[in-house]
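Notes for the one structure printed next.
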Amino acid sequence: MRLVFPPNHPGPTQAPASSLLKALARGRQWYEWIVAGEVSGRRSIAQRLGLNERHVGRVLECAFLAPDIVEAILDGRQPPDLTFKKLTHGLPLSWIEQRKQLGFPSLHSRQ
């Protein structure tokens, strides 16, 4: 995989972790499969791909990350200690709580 930035883009502050990028992409893809009716849920995804159902469930949660967290990861601006395990372990649905748990600044502190 290769990231290409426009000339005026500052580029990532660090290289996006491939495990984080894969989790984002797979979570989104699997969510789209469910919405399209291609699969009925995480069990059928696990069976289809030969994966552990628990793993599928954790990665699937990445489809519900706050948009600014997804953008930060894609840009390589994630906290240095953000790992695949941290990203996919007990992810809250609340975007505010996601930011706290994963080490991202709140939206109010960015203004």
Side-chain angles (χ1 to χ4, degrees):
M1 178 185 329
R2 190 175 121 191
L3 295 175
V4 179
F5 297 98
N8 61 346
H9 190 281
T13 55
Q14 61 183 353
S18 64
S19 60
L20 299 178
L21 294 175
K22 285 179 186 177
L24 293 178
R26 289 177 178 161
R28 189 69 196 163
Q29 179 184 40
W30 298 347
Y31 171 75
E32 292 296 329
W33 287 354
I34 293 169
V35 170
E38 295 178 38
V39 294
S40 59
R42 66 184 188 189
R43 176 174 286 148
S44 58
I45 293 169
Q47 290 172 344
R48 180 176 182 172
L49 300 175
L51 297 172
N52 177 289
E53 187 178 340
R54 187 174 184 190
H55 173 77
V56 169
R58 287 184 172 178
V59 172
L60 193 54
E61 290 178 357
C62 293
F64 303 99
L65 278 168
D68 57 297
I69 293 175
V70 172
E71 185 176 330
I73 292 170
L74 293 175
D75 288 345
R77 295 182 287 109
Q78 72 275 5
D81 66 336
L82 183 60
T83 61
F84 172 81
K85 184 175 181 176
K86 187 174 180 180
L87 180 67
T88 59
H89 186 72
L91 192 63
L93 286 177
S94 163
W95 291 351
I96 293 168
E97 292 302 315
Q98 288 176 5
R99 290 183 196 100
K100 287 179 188 175
Q101 181 172 315
L102 300 176
F104 286 89
S106 70
L107 291 181
H108 299 294
S109 66
R110 294 183 203 168
Q111 297 172 2

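One-based numbering along the sequence shown.
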Beyond-backbone contact of Arg99 with Pro105, side-chain heavy atoms, under 4.5 angstrom: no
Closest non-hydrogen contact found for Gln101 with Lys86 is O-CE, 3.3 Å
Test salt bridge (charged side-chain N to carboxylate O under 4.0 Å, His left out) on Lys100 and Glu97; report intermediate values, then the result. CA-CA 5 Å; Lys100 287 179 188 175; Glu97 292 302 315; 3.4 Å; yes
When rounded to the nearest 0.5 Å, the distance separating CZ of Arg26 from CG of Leu21 is 11.0 Å
Test the Arg28-Trp33 pair against the cation-pi criterion, namely NZ or CZ under 6.0 angstrom from the six-membered ring centroid and within 45° of the ring axis. no
Val35 reachable from Leu49 in the ILVMFWY side-chain graph, under 4.5 Å edges: yes
Which heavy atom of Asn52 sits nearest to which heavy atom of Arg54, and what is that distance? OD1-N, 2.6 Å
Student check: side-chain heavy atoms of Phe104 and Leu82 closer than 4.5 Å: yes
Go through Arg77 and Glu71 one step at a time and tell me if the side-chain contact (heavy atoms from CB on, under 4.5 Å) criterion holds. CA-CA 8 Å; Arg77 295 182 287 109; Glu71 185 176 330; 3.8 Å; yes
With side-chain contact (heavy atoms from CB on, under 4.5 Å) as the test, would you mind laying out the steps for Ile69 and Trp95 before giving the verdict? CA-CA 9 Å; Ile69 293 175; Trp95 291 351; over 6 Å; no
Would Leu74 and Leu87 show up in the same hydrophobic cluster when neighbours are defined by side-chain heavy atoms closer than 4.5 Å? yes
Taking the side chain as everything from C-beta on, heavy atoms only, tell me whether Leu20 gets closer than 4.5 Å to Thr83. no
Determine the minimum heavy-atom distance between Ile34 and Gly41, stating which atoms define it. CD1-CA, 4.1 Å
With the 4.5 Å side-chain cut-off for hydrophobic clustering, are Val56 and Val39 part of the same group? yes
Test item: Val70 and Leu24 side chains (from C-beta on) under 4.5 Å apart, heavy atoms: yes
Side chain proximity check, Trp30 to Arg42, heavy atoms < 4.5 angstrom: no
Any idea which heavy atoms bring Pro79 and Gly103 closest together, and the distance? CG-O, 3.2 Å
Sub-4.5 Å side-chain heavy-atom contact between Leu102 and Leu91: yes
Do Ile96 and Leu107 belong to the same hydrophobic cluster, where Ile, Leu, Val, Met, Phe, Trp and Tyr are linked whenever their side-chain heavy atoms lie under 4.5 Å apart, directly or via other members? no
Counting only heavy atoms from other residues, nucleotides and ligands, does the tally under 6.0 Å from CZ of Arg43 exceed 12? no
From Cys62 atom SG to Ile73 atom CD1, the distance as rounded to the nearest 0.5 Å: 7.5 Å
Would a 4.5 Å heavy-atom cut-off, applied to side chains only, mark Thr88 and Glu61 as touching? no
Minimal non-hydrogen separation, Gly27 against Ala63, with atom names: O-CB, 3.4 Å
Okay, side chain of Glu38, backbone of Glu32: is any donor-acceptor separation there less than 3.5 Å? no
Does any non-hydrogen side-chain atom of Tyr31 lie less than 4.5 Å from one of Phe64? yes
